[in-house]
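Shown next, in structure tokens, is the structure this report addresses.
Any value given below was found using the heavy atoms of this structure, including those in side chains, with hydrogens, waters and symmetry copies removed.
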Amino acid sequence: MAVALPSRALDAGAWDRASDELLRTLRDLIRIPSINPPPPDAPDGELRAAKYIAEVLGAAGVPAEIVEPVEGRGSVIASLHGDGSGGAPLLLLGHLDVVPAPPEHWTHDPFAGDIADGYVWGRGAVDMKNLVAMEMTVIGLLAAEARAAGRDPASDPIPGLTRDIRFAVTADEEAGGLAGIHWLVEDRPDSLAAAAAINESGAVATTIDGRRFYPIGVAEKGYAVYRISVHGTWGHGSMPRDDNAAVRAGQVAARLNVQGVPRVTPTMRRFLLEMAEQLGGDMARVVRSLAADDPRLGEAAADALCDPMSARVIRALLRDTVSPNVIHAGVKYNVIPGEAVVELDCRVLPGTTEEEMAATVIERLGPELAAVCDVELVIFGEPVDAPAAGPLWDVMTATIRDHDPSGVPLPIMVPFATDAKHTARLGIPTYGFSPLQLDPDERFLERFHGTDERVGVDALRWGLPVLYDVVRRFAG
């Protein structure tokens, strides 16, 4: 495994101490159950997490503001000052909410923040309290440098910074952000305004055929959530009938679970072609074929050569997807239901509109089934696409190479949604950059929202100076 080149700002001992502080902060954050949706026994978890972050920053001399547009749903914002000569600020972005974590199947308590076997375990270790803790540690380091120079980090420029650093960690990302970053965009856009932003989900090492790649998130799919009301006829369970709404709901789910044809976006074509250049033999040919106008042959070969998780991710990134995830039907075992509901999670590529996605859903149902269904849009989030070029992109890729000379940074689209959908409304190019150098066998993507969520201690120790250097170089 490559060793990070120590940043010139600190000696090895100082980086060890900073890494220890990072681990303490991450474990403290995990121990705050900032669950979304808020459960009755912890309705203010997000607010408690925001207060903890504000307390840590305050102790470092950086005042932070907590905003609470909805009771118990707290977000926190803060800033450091540069001398103003370098241009618009850099935004360090994150979210403090996590999805529920039923503990029954976990190896470790999901809210204990245990360290075991070289990992920090717990809900949020991957999504995304790891990056929040890294960003907080970087801010703490910069504030300490100001104090060492006799300056007040609350008001004076940080030595060497030419841009301001803005920091925003928000509530409600896991449910669309309406009680978090959406409110900031609408009511406090000044707190976010920046030349560019660093966000979750990117620069996490992925080893393929012996080569280590660092995919940096420049794009993300949009989402469309639909509620389909399925109509049938009520009746007695002793006399089965074809227009049973539960049966029809099952047919809806089965038809919609058959995914459509692929479409390669420019970001994914660049990702695949640049990756293929670094590979050899069969793997290079397969990856190159995935970038073709019709990548279906490549998908079949990828199924044979790649592990199931990697093949599933590639398929999701090459098409609009539909996942029927919730079915409601029935009131009693001996009553044929006359109504049922199917809830869909659709993820759309850049270039696909909501109207096109809705039309696809109805087309896949077929005319007879569509005639007994009402399709209702619940929420839609636009796809996001930032340029894989420009000052911050150049700094991120160069810094990755400095810390891992054999590593290959690449632009990628991620299949899920982040708060970048909201910063895009302010014209802020937002990049997934949470640098981690993983063990090649670590199943990182499976940790998102899964049981036994965990992140490697060594991966965090590697990533902290990388993030620090990116912030220093872009804002310096």
Side-chain angles (χ1 to χ4, degrees), residues 1-2 200-221 262-319 321 347 349-350 383-390 392-416 431-446 448 459 462-463 466:
M1 183 171 286
E200 62 179 319
S201 302
V204 176
T206 301
T207 301
I208 300 175
D209 209 27
R211 293 304 308 269
R212 193 162 45 247
F213 298 93
Y214 292 89
I216 297 172
V218 302
E220 63 184 48
K221 295 177 78 174
R263 174 168 65 87
V264 186
T265 65
T267 294
M268 286 306 300
R269 180 167 281 115
R270 177 175 168 182
F271 167 76
L272 292 164
L273 291 177
E274 291 186 9
M275 175 178 285
E277 291 176 3
Q278 305 297 323
L279 300 171
D282 289 343
M283 185 62 75
R285 285 189 287 274
V286 169
V287 172
R288 196 171 286 111
S289 69
L290 288 167
D293 289 336
D294 185 352
R296 280 176 285 190
L297 288 177
E299 288 184 322
D303 287 343
L305 284 177
C306 299
D307 65 272
M309 182 67 189
S310 298
R312 191 160 62 248
V313 170
I314 285 294
R315 285 182 175 275
L317 291 174
L318 296 181
R319 54 177 44 81
T321 59
R347 302 295 170 130
L349 296 170
V384 174
D385 209 346
L392 181 56
W393 172 262
D394 292 343
V395 167
M396 291 186 296
T397 56
T399 304
I400 287 289
R401 293 188 186 101
D402 286 347
H403 286 263
D404 183 358
S406 63
V408 182
L410 300 169
I412 196 171
M413 176 173 62
V414 298
F416 37 74
Y431 297 91
F433 191 83
S434 49
L436 298 169
Q437 192 177 84
L438 302 180
D439 184 290
D441 295 326
E442 174 61 10
R443 316 295 297 168
F444 188 75
L445 284 175
E446 296 178 8
F448 281 84
W462 183 86
V466 176

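- In this structure, the side chain to side chain contact (heavy atoms under 4.5 Å, CB included) partners of Ala284, at least two apart in sequence or on a different chain, are Leu279, Arg288.
- Heavy-atom minimum distance, Pro411 versus Phe271: O-CB, 3.1 Å.
- Under the salt bridge (charged side-chain N to carboxylate O under 4.0 Å, His left out) criterion, Glu446 pairs with Arg443, sequence neighbours left out.
- For the atom pair CE (Met268) and CE (Met275), the distance works out to 8.5 Å, reported to the nearest 0.5 Å.
- The environment of Leu297 atom CG is sparse: at most 12 non-hydrogen atoms of other residues, nucleotides or ligands sit within 6.0 angstrom.
- The heavy-atom pair separating Pro409 from Gly407 by the smallest distance is CD-O, 3.7 Å.
- Considering CG of Asp385 and CD of Glu220, their distance stands at 10.0 Å, rounded to 0.5 Å.
- Atom-to-atom distance recorded for Ile216:CD1 and Tyr431:OH is 9.5 Å, nearest 0.5 angstrom.
- Checking side-chain atoms of Arg212 against main-chain N and O of Asp404 turns up no donor-acceptor pair under 3.5 Å.
- Across every non-hydrogen atom of Leu410 and Trp393, the tightest pair is C-CH2, 3.8 Å.
- Met413 is listed as a side-chain neighbour of Leu349, based on a closest heavy-atom distance under 4.5 Å.
- Within the 3.5 Å criterion, the main-chain N or O of Asp394 finds a donor-acceptor partner in the side chain of Thr397.
- Taking each heavy atom of Ser289 and Val286 in turn, the nearest pair found is OG-O, 2.6 Å.
- Partners of Gln278 according to the side chain to side chain donor-acceptor pair (under 3.5 Å) rule, which considers only residues two or more places apart in sequence or in another chain, are Arg211.
- Looking at every heavy atom in both residues, Val204 comes nearest to Pro215 through O-CD, 3.5 Å.
- Applying the side-chain hydrogen bond (donor to acceptor under 3.5 Å, both in side chains) rule to pairs touching residues 201-210 yields nothing, sequence neighbours excluded.
- Each of Ile314, Val264, Leu272 was compared with Pro295 under the side chain to side chain contact (heavy atoms under 4.5 Å, CB included) criterion, and only Val264 meets it.
- For the residue pair Pro415 and Leu317, the shortest heavy atom distance occurs at N-CD2, 3.6 Å.
- Every side chain to side chain donor-acceptor pair (under 3.5 Å) that Arg296 has, sequence neighbours left out, goes to Asp294.
- Looking at Thr267, its side chain never comes within 3.5 Å of a backbone N or O of Ile412 through a donor-acceptor pair.
- The backbone N or O of Gly202 lies less than 3.5 Å from no partner atom in the side chain of Tyr214, so there is not a single donor-acceptor pair.
- At a threshold of 4.5 Å between non-hydrogen side-chain atoms, the residues Met283 and Val287 count as touching.
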- Would you check, one step at a time, whether the test side chain to side chain contact (heavy atoms under 4.5 Å, CB included) holds for Ile400 with Phe433? CA-CA 10 Å; Ile400 287 289; Phe433 191 83; 4.0 Å; yes
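- For Arg315, the side chain to side chain contact (heavy atoms under 4.5 Å, CB included) test picks out Glu299, Asp303, Arg319, with sequence neighbours left out.
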